[in-house]
Number of protein chains: 2
Amino acid sequence: MTGVESATTRSTRGRRERLRAETTAEIKDVALALMASGGPDAITLRAIAREMGMTANAIYGYFATRDDLVTALIDDVYTALADAVDAAWAATPADPPATRIRAWARAFRDWALGNPEGFRLIYGDPVPGYRAPEGGAAPDAAHRVCTGLAGLADAAWPHAGPRHADHGPESPGFDWSDFDPGLLAKVRPAYPDLPPAGVALALRIWGSLHGTVSLEVYGHLSRQTVSPGKLFDQELGALVRSLGLNG
Amino acid sequence: MTGVESATTRSTRGRRERLRAETTAEIKDVALALMASGGPDAITLRAIAREMGMTANAIYGYFATRDDLVTALIDDVYTALADAVDAAWAATPADPPATRIRAWARAFRDWALGNPEGFRLIYGDPVPGYRAPEGGAAPDAAHRVCTGLAGLADAAWPHAGPRHADHGPESPGFDWSDFDPGLLAKVRPAYPDLPPAGVALALRIWGSLHGTVSLEVYGHLSRQTVSPGKLFDQELGALVRSLGLNG
DNA sequence: TGCGAAACTATACGGCGTGAAGTTTTGATA
DNA sequence: TATCAAAACTTCACGCCGTATAGTTTCGCA
């Protein structure tokens, strides 16, 4: 009987946990759907509960606070973004580097334009009064994205290094201590030949891409040009050229 | 008597309008103060009214809705940003162009770091549920900022033109019809020699600067590096170099 | 002095996050 | 199979929000 009992115990306990996980997932799914249809502000506990046929307070059994729910959403969405760009990276041959860089950048932009609300959730003021917590999956996903960028920098470094090495009186030069240890823990093992200035280059590439895409997602570019796509292609060309890749 | 009467009328009418203007200004000042201390979400009609010893509904005599107030704030703040970068431009000699470009870019970043909430108000999701209206001072200020950027591009165009002229199978080339007429109405008279590709270059410079500054203002850079200033200087160096200015 | 408009208040509605307390459901156990 | 504790969920309440409507005060002007 012990065997049967323990099996029953295990299965029922598993059932409870499974139901709980399903409800948790449903809450997040509904929240994402609300966000997709009405923007990040549409994520309200009451609206989610309404959609699920529950009371708003029932959600407190799954998330201690609305901010915790938003944090979980950010974690998921940021992870999805990291997956998307990593996939584009993996799906493109390493040679020529320019092609791979273009693929990565286009994946970044495509994801952002395809998930504008998600982009806002990650990189904007997510939701009224929200403040990001310390740990979680989001910083990890951010490091993954930056590591991907470091891959771009690493691929281009043989050509770009000479151009982007620290020089000039206004450029003090970079050291490992300039960067977050958690980021370096990912980057350095993956790209052992990349110097600190190369990591800095990766972050600057991030800035360029983020700026163009961000202006576009938030609708600022569309008030200046009707061809943001062209602009992005030009930006990519300039980026590749500035990396000495002539691609 | 007529003279006296008309003088009285004028003065009292002036008085009414002055009081009204003062109250309007106070509402905006309090709103900006609340935003500075608690972020854009702290801008609530009730909080403003509390601060002013009024009822929330009294504000409706000055702004038809909360969004109208936010729009007015955005107009003011965006205009202040445009003033700041224009002033930096005006205060720097035209030669060498690299120095002027650095000054403009630094003014942009300094303003953003000094007014992070204002930056978020302009470029982020300003406030829950807010949607920007069509006209107003904000688009005008945006055009002023872009015109300033066009000035950077124009100053560098003799050197940068050959590098950034349309070329390559992936760069279709720009035409005047690619850009907003309102923007061109400002840019073309100011810089008659700048071709469409130069305007595109200006927008791309905007993207680069916006990206770096935006990541910094929203706290994403600080999770990767402890030296965002260094990074920005490097970015400036790369920008100047990519413009062929060797500055 | 009194009129009319402008400025402001009072009250109310629905929606929000969330805390406290109560109720139902559910799975293990004796 | 009856029981019991814990988990899931509801109810009620509070204070916040924007805003609509109606009523009141203030004040320049004729």
Side-chain angles (χ1 to χ4, degrees), chain A residues 1-27 31 34-35 38-71 126-131, chain B residues 1-2 4-27 31 34-35 38-71 73 126-131:
Chain A
M1 283 289 277
T2 310
V4 174
E5 265 189 51
S6 105
T8 304
T9 300
R10 231 185 287 122
S11 77
T12 52
R13 183 168 296 161
R15 181 185 135 79
R16 277 249 273 255
E17 285 172 8
R18 201 190 66 237
L19 283 179
R20 187 177 177 77
E22 279 171 4
T23 305
T24 305
E26 189 186 352
I27 291 172
L34 286 170
M35 180 182 73
D41 315 318
I43 304 175
T44 70
L45 297 185
R46 293 179 125 104
I48 295 168
R50 221 177 290 130
E51 205 79 16
M52 294 178 65
M54 299 170 65
T55 305
N57 277 355
I59 299 178
Y60 282 86
Y62 298 87
F63 298 94
T65 178
R66 190 206 50 158
D67 275 15
D68 283 18
L69 169 58
V70 171
T71 300
V127 108
Y130 175 83
R131 285 298 164 259
Chain B
M1 283 290 276
T2 311
V4 174
E5 266 189 52
S6 106
T8 304
T9 301
R10 230 184 289 123
S11 77
T12 51
R13 181 168 297 162
R15 181 183 136 78
R16 277 246 274 257
E17 284 173 8
R18 186 170 39 86
L19 283 179
R20 188 177 176 77
E22 279 171 5
T23 304
T24 305
E26 189 187 351
I27 291 172
L34 286 170
M35 180 183 73
D41 316 318
I43 303 177
T44 70
L45 298 185
R46 292 179 125 102
I48 295 168
R50 219 178 292 128
E51 203 80 17
M52 293 177 65
M54 297 169 68
T55 306
N57 277 356
I59 299 178
Y60 282 86
Y62 299 87
F63 298 94
T65 179
R66 190 207 50 160
D67 276 14
D68 284 17
L69 169 58
V70 171
T71 300
L73 293 178
V127 105
Y130 176 82
R131 283 299 164 258

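Hydrogens, waters and symmetry mates play no part in the numbers below; they use all other heavy atoms, side chains included. Here is how names work: the chains are called A, B, and so on, in the same order as the sequence lines, proteins then strands, and each is numbered from 1. From a predicted model like this one, the values you see are computed outputs, not experimental measurements.
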Rounded to whole Å, the CZ-C1' distance (A/R20 to D/dC9) equals 12 Å
Within the 4.5 Å heavy-atom criterion, are B/T24 and B/F63 side-chain neighbours or not? yes
- Task: Please tell me if the side chains of A/L69 and A/I48 come closer than 4.5 Å, counting only heavy atoms from C-beta onward.
- Result: yes
Would you call A/Y62 and A/D68 a side-chain contact if the rule is heavy atoms closer than 4.5 Å? no
When rounded to whole Å, the CZ to C1' distance for the pair A/R18 and C/dT26 reads 14 Å
Closest non-hydrogen contact found for A/T44 with A/D41 is CG2-O, 3.7 Å
B/E26 atom CD is separated from C/dA7 atom P, nearest whole Å, by 15 Å
Whole-Å distance, A/I48 CD1 to C/dG17 C1', equals 12 Å
Heavy-atom closest pair (B/I43 atom, B/A31 atom, distance to 0.1 Å) is CG1-O, 3.8 Å
Rounding to 0.5 Å, atoms CZ (B/R46) and CZ (B/R66) come to a distance of 12.5 Å
Given protein heavy atoms under 4.0 Å, the one-letter contact record of nucleotides 10-20 of chain D, with B base, S sugar-phosphate only and - none, is simply BBBB---BBBB
Counting any heavy atom closer than 4.0 Å, what does A/F63 reach on the DNA or RNA strands: base, sugar-phosphate only, or nothing? nothing
